[in-house]
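Scroll down for the structure; my scribbles are underneath it.
No hydrogens, no waters, no symmetry mates; every other heavy atom, side chains included, goes into these values. Sequence lines set the chain letters: A, B, ... in the order given, protein chains first and strands last, and positions in each chain run from 1.
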Protein chains: 2
Amino acid sequence: MHHQAKGTRKDRVAIKADEAKVDLIAVVVAVNDIEPCVLTIGQADILPSGPFVLEHRSLQSGLRGWVEQQTGHPLGYIEQLYTFADRDRIGAERQQRAISISYLALTRKEQASGSSKCGWQSWYDYFPWEDHRSGAPPVVLDVLRRRLMEWADAAGDAAKRRERQQRAAIAFGFDDRRWNEELTLQRYELLYEARLVEEASGGQDEAPPAAVSGKAMVADHRRILATGVARLRSKIKYRPVVFELMRPTFTLLQLQRTVEALAGRLLNKPNFRRLVEQQELVEETGDTSVDTGGRPAKLYRFRHAVLDERAIAGTKLPLARA
Amino acid sequence: MHHQAKGTRKDRVAIKADEAKVDLIAVVVAVNDIEPCVLTIGQADILPSGPFVLEHRSLQSGLRGWVEQQTGHPLGYIEQLYTFADRDRIGAERQQRAISISYLALTRKEQASGSSKCGWQSWYDYFPWEDHRSGAPPVVLDVLRRRLMEWADAAGDAAKRRERQQRAAIAFGFDDRRWNEELTLQRYELLYEARLVEEASGGQDEAPPAAVSGKAMVADHRRILATGVARLRSKIKYRPVVFELMRPTFTLLQLQRTVEALAGRLLNKPNFRRLVEQQELVEETGDTSVDTGGRPAKLYRFRHAVLDERAIAGTKLPLARA
DNA sequence: TCCCTTATTGTCAGATCGAATATAATCGGA
DNA sequence: TCCGATTATATTCGATCTGACAATAAGGGA
């Protein structure tokens, strides 16, 4: 659908030469007990992906096809993340554009039919600084903080130094600022800019700290993963998407642990209960769980009716600030 | 970046044949006084767009180029909206995919260098049912309501009828439900599905009501516009993007009118003031406005510092519920 | 039975939000 | 110049929401 108000006709000629290769790429998320996981292939450094071809009915179905073929895992909920235009890729014979359309998908591990080369990897292997469930990880953040300050000090003028310091402080919550779990992407991009992640330092350039900078991924996959994490952390606050990650029935504590795993921070139990219940997101099944010590917990199921009733209105899960 | 875990090599062959044409398309928004406007070309039925070609450094710069060329209007703030894969377009000689990457852009009308064939058109010419600043528009909604109920009744079984009724009621706030201004896209899609907008009824099919179904646009441009409206209505609540639409200095009432124009609903004046001030989004210039009757209003400017300080944290403009 | 663990319910103060009211400043006309 | 119309700005009040903490309930094991 190309409309020209004015301009020359030579564009018409250019169009033929400017076709692009379109890739679909998936951030598939599941949570088991307390770890948020992403589906990977290869050496746990590649996100499932493949080209969008004519056979595909739609972008979504193309994505489902590739993920299922590469990992044997059928997808449920999916949503578009972002579209990147990768730098002119080296097309052997001629210049060509590569477009990557990324998606976020939510499932449960069990749905996997024990297939081949796919693996589930914890988010926090790639982003060790993102898990604040036991407080801010001290070792990791101390190292990163030092390296970030060095990076800031290396800037040209004083204004730039201050700007870098402030950016780092906001993103990572330095100087008794509040940690904001939604800034995952900004944090990764900051570390990239400061060459503190492997992907940024062409090779062993400035040798970033080992266990603190996280596991690297191919190309820009880790950045896409960060985009997915950020999106999901934001979305669980106003849409009932967590339930895509839950078993058909669950206890409220399991639900809470799942949210906490995604958010990377702990919640207040009574308050969590209150909000889930007063929003009527769940209903009791009547059963109780076989639990591990302590009083048995009631089992709940998601009230699918809310999807119709409130249709995307307001469904906020409260994330504690403490 | 195409990674295969397994699968045949024949994909490699397919890739060459499966290149796609990529289009960039822009929803450019400005507000003057009290009307939210979108930048159009043609008979006010086309959004600025053009192919993404090799000359473009990036998607964003490509978009800026096309908009500036077609409308003479430079863009400031832009953000990606959504990527569509249009149904296999009729490529004359061979099958080909068409990908549309849509963007939302915010500017001010004055920045236009009085250029050629472009025009600003009120949102509400395309979506007359979306403007609730003087209450729900009675004529429009009454007609739509009747037509939607007819559509619901035309469904096969009773379950489907009820489901359609409920969807319509939620989207449009029937039966003393609350009007949710963010559901612009759902409402348009519902009307499309019910064939109450011109784009859906192939030609003069079911002749939708004239002034109530709004001005039509080419292809799926009106749907993209609806996506932009919905995104912006959502975003102004948690990011200080309104200021992209304001002059360098403004009164608080002007700011409020702008937000109201976008949201399509009225706000409570003291409360609006309170939130803007307590979030320190603005600072006084010291001047007062030459106004139209009544006490002169202080002039404010946006505190650009908040962009650094809070970096995308929480900046909610309160939209009244009444 | 006591104690430990976890579930579930309840309370309370502070922050927030919506609505309404009160005061201030300017203009235009009597 | 005084008055009222108009708009800006400031303040108050009550309802609701939120976060933090405390209290009670129900099971298992020693």
*First locate atom CG of A:Leu262, then atom CH2 of A:Trp123, and finally report the distance between them rounded to the nearest 0.5 Å.*
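Rounded to the nearest 0.5 Å, the CG-CH2 separation comes out at 4.5 Å.
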
*Working to the nearest 0.5 Å, report the span between OG1 of A:Thr258 and CG of A:Asp33.*
8.5 Å

Any salt bridge linking [X] with [Y]? Criterion: basic side-chain nitrogen under 4.0 Å from a carboxylate oxygen.
X	Y	value
A:Arg233	A:Glu181	no
B:Arg145	B:Asp175	yes
B:Lys269	B:Glu260	no

*Should the ring pair A:Trp179 and A:His132 be called parallel, tilted or perpendicular, given that the plane angle runs from 0 to 90° and is split at 30 and 60?*
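Parallel: the ring planes of A:Trp179 and A:His132 meet at under 30°.
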
_Parallel, tilted or perpendicular, judged at 30° and 60°: which one describes the rings of B:Phe174 and B:Phe172?_
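B:Phe174 and B:Phe172: parallel rings.
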
Could you run down the sub-3.5 Å N/O contacts of the protein with nucleotides 28-30 of chain C?
none

*State whether the distance check finds a donor on one side and an acceptor on the other, under 3.5 Å, for side chain B:Asn271 versus base C:dA19.*
yes

_A:Arg301 side chain reached by A:Phe243 side chain, heavy atoms, under 4.5 Å_ =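 A:Phe243 vs A:Arg301: side chains apart.
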
_Net bend of the helix from C:dT1-D:dA30 to C:dA30-D:dT1, end axes of five pairs each, nearest 10 degrees_ =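 End-to-end axis angle: 20°.
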
_Options D:dA10, C:dC12, C:dA19, nucleotide nearest the side-chain atoms of B:Glu277_ = D:dA10

Between atom [atom1] in [X] and atom [atom2] in [N], what is the gap in whole Å?
X	N	atom1	atom2	value
A:Phe272	C:dT9	CZ	P	15 Å
A:Leu275	C:dT9	CG	P	15 Å
B:Asp287	D:dA8	CG	P	17 Å
B:Lys237	C:dC17	NZ	P	13 Å
B:Phe250	D:dA8	CZ	P	15 Å

*Results of side-chain hydrogen bond (donor to acceptor under 3.5 Å, both in side chains) for B:Arg274 - residues two or more places apart only*: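 Only B:Asn271 meet the side-chain hydrogen bond (donor to acceptor under 3.5 Å, both in side chains) criterion with B:Arg274.
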
_Reading DNA chain C from 5' onward, which residue's closest nucleotide shows up sooner: A:Arg274 or B:Gln278?_
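Nearest-nucleotide comparison on DNA chain C picks A:Arg274.
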
*Mind checking salt bridge (charged side-chain N to carboxylate O under 4.0 Å, His left out) for B:Arg187 and listing every partner two or more places apart, or none if nothing turns up?*
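Residues passing salt bridge (charged side-chain N to carboxylate O under 4.0 Å, His left out) with B:Arg187: B:Glu130.
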
_Any residue meeting side-chain contact (heavy atoms from CB on, under 4.5 Å) with A:Thr251, in chain and number order, not counting sequence neighbours_ = A:Leu253, A:Gln254, A:Ser289, A:Ala297, A:Leu299

Distances for protein N or O near nucleotides 5-8 of chain C N or O, under 3.5 Å:
{"unit_1": "C:dT6", "atom_1": "O2", "unit_2": "A:Arg295", "atom_2": "N", "d": "3.3"}
{"unit_1": "C:dA7", "atom_1": "OP2", "unit_2": "A:Lys269", "atom_2": "NZ", "d": "2.6"}
{"unit_1": "C:dA7", "atom_1": "N3", "unit_2": "A:Arg295", "atom_2": "NH1", "d": "3.3"}
{"unit_1": "C:dT8", "atom_1": "OP1", "unit_2": "A:Lys298", "atom_2": "N", "d": "2.8"}
{"unit_1": "C:dT8", "atom_1": "OP2", "unit_2": "A:Arg273", "atom_2": "NH1", "d": "3.1"}
{"unit_1": "C:dT8", "atom_1": "OP2", "unit_2": "A:Arg273", "atom_2": "NH2", "d": "3.3"}
{"unit_1": "C:dT8", "atom_1": "O5'", "unit_2": "A:Arg273", "atom_2": "NH2", "d": "3.1"}

